[in-house]
Amino acid sequence: MKVLITAEGKDLDANVDPRFGRAAFFLVVDVDKEEVVEAVDNAAGRGAAQGAGVQAAQTAARLGVSALLSGHCGPNAFSAMQAANIKIYTGATGTVRHALEQFRKGELTEADDADVRGHW
Amino acid sequence: MKRVAVASGKGGTGKTTIAVNLARVMPGPVTVMDCDVEEPNVHLFLSPRALQTEPVGIPVPRINADLCTVCGECARFCEFNALGDMQTKIVVFNELCHGCGGCTRVCPEGAITEVDRVIGEVSRGKACDNITVISGRMNVGEALSLPVIRATKAQPAEGTLIIDAPPGTACPFAAAVRGADLVVLVTEPTPFGVHDLGLAAETLTAMNLPFGVVINRSGEGDGTVEEVCRRHSAPLLARIPEDRAIAEAYSRGELLVEALPHYRDEFVNLEKRIAKILNARGEAS
């Protein structure tokens with residue numbers, strides 16, 4: 001299973017970036033092997049004048065992940081991710097490795113709506 | 001028709017006060033256009049009646065799923081991320097759309113049509129025989145002011161046109177003052193006021209628009225405004241003194257030239273100076 005984790009750096013020891021649309025990096029992580037398959041620099045999203053969440057959701061869809069692990073998710077990103085059938089888990093904290101651990105133990109909640117407003 | 005825009009860099013310096021009182025002392029017919037569409041307030045002072053209102057919309061994309069192949073061209077084109085390519089379908093975020101129409105043009109399948117989304121309104125009415133008021137107003141929650149400003153300016157005007165511009169020096173300001181024969185920059189003689197007056201003056205210089213300056217709450221600090229005027233060779237058109245009675249009349253929605261008639265001469269003189277500048281420019285061209 002491949003998930004997308006928002007991170008401040010490119011490896012498992014990087015901290016989770018709590019933002020989705022304006023995260024520093026998107027890490028595609030293989031949950032079973034516990035390894036980073038791909039690290040995508042989100043400079044475009046960080047610099048987007050608007051619609052960073054929509055752009056991030058597009059990236060997630062293009063990367064073919066089945067779930068997103070992040071701190072929070074705003075309304076536009078949420079509905080775009082729903083359209084792509086990608087599950088959203090919010091509340092990830094600490095390092096990327098720690099977020100994976102939280103995910104495996106079922107400590108992250110699957111979001112049924114945006115948990116923050118746009119531009120939080 | 002002569003067009004005078006009343007503008008300022010800093011907000012709350014007295015643009016509307018100058019615009020509505022100037023309109024009241026104009027000898028002939030005048031149209032006041034409220035282009036401060038985020039918070040229009042000219043109508044509070046001029047009380048136009050028999051309002052006719054038209055909606056202002058922008059074209060937003062609607063995707064025909066039967067024709068769409070999810071090639072993603074529209075989403076790649078959109079600088080504003082109003083379209084999201086989610087691989088199996090395109091999602092549209094109307095509130096992010098600026099209405100440029102680009103997606104409909106780049107779609108190779110002709111799958112996108114445009115539908116109107118209302119973002120505001122323009123109303124017009126008569127304050128008296130001589131004064132027409134046209135007001136643009138954005139709907140609550142909307143972010144795009146330019147289409148509403150353009151729709152307001154597209155309305156036909158009678159007599160001299162006075163445009164009440166939005167504050168600042170960015171696009172809404174530029175859209176409101178563009179095409180004016182003279183811009184009246186209203187400032188207060190405070191460090192903030194003078195700083196933003198300088199920015200507005202530089203913007204107008206870059207736009208090649210002539211301008212003069214009115215000092216509101218005149219008194220201490222006037223010298224710093226006069227320095228900006230000298231630097232830009234801009235005439236000082238009027239000084240409205242710092243006076244609590246003015247603020248009180250304003251807060252009741254009253255015109256100064258009616259509530260405090262001793263200030264009427266200030267506005268009559270301002271009107272004369274503006275007319276003189278406009279006439280001189282008319283003869284020179």
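All values below were derived from every heavy atom in this structure, side-chain atoms included, with hydrogens, water molecules and symmetry-related copies excluded. Proteins come first, then strands; the chains are lettered A, B, ... in the order of their sequence lines, and each starts at number 1.
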- Query: Is the backbone N or O of B:G84 less than 3.5 Å from a side-chain atom of A:Q58, with the two atoms forming a donor-acceptor pair by type?
  - Reply: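 No; judged by distance alone, with no hydrogens or angles, the pair does not exist.
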- Query: Does A:G53 offer a backbone N or O that forms a donor-acceptor pair with the side chain of B:N81 under 3.5 Å?
  - Reply: no
- Considering only heavy atoms, which portion of B:F80 lies under 4.5 Å from any heavy atom of chain A: side chain, backbone, both, or neither? both
- Item | Non-hydrogen atoms of B:L96 and A:V54 that approach each other most closely | CD1-CG2, 3.9 Å
- Message: Looking at every non-hydrogen atom in both residues, tell me the closest pair between B:M86 and A:A57 and how far apart they are.
- Response: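 Minimum heavy-atom contact is CE-O, 3.2 Å.
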- Query: So do the side chains of B:D85 and A:R62 get within less than 4.5 Å of each other, counting heavy atoms only?
  - Reply: no
- Looking at side-chain heavy atoms only, is the closest gap between B:H98 and A:Q50 below 4.5 Å?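 A side-chain contact under 4.5 Å exists here.
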- Task: Show the numbers, then the answer: is there a side-chain contact (heavy atoms from CB on, under 4.5 Å) between B:E95 and A:N76?
- Result: CA-CA 10 Å; B:E95 72 281 11; A:N76 286 348; 3.1 Å; yes
- Which bit of A:A52 comes within less than 4.5 Å of chain B, counting heavy atoms only: side chain, backbone, both or neither?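 Backbone only.
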- Can you tell which part of A:A80 gets under 4.5 Å to a heavy atom of chain B, answering side chain, backbone, both or neither? both
More than 12 foreign heavy atoms under 6.0 Å from [atom1] of [X]: is that the case here?
X      : atom1 : answer
A:E35  : CD    : yes
B:E38  : CD    : no
B:R76  : CZ    : yes
A:R46  : CZ    : yes
A:E107 : CD    : yes
B:R117 : CZ    : yes

- Here the gap from B:Q87 atom CD to A:N85 atom CG, rounded to the nearest 0.5 Å, amounts to 12.5 Å
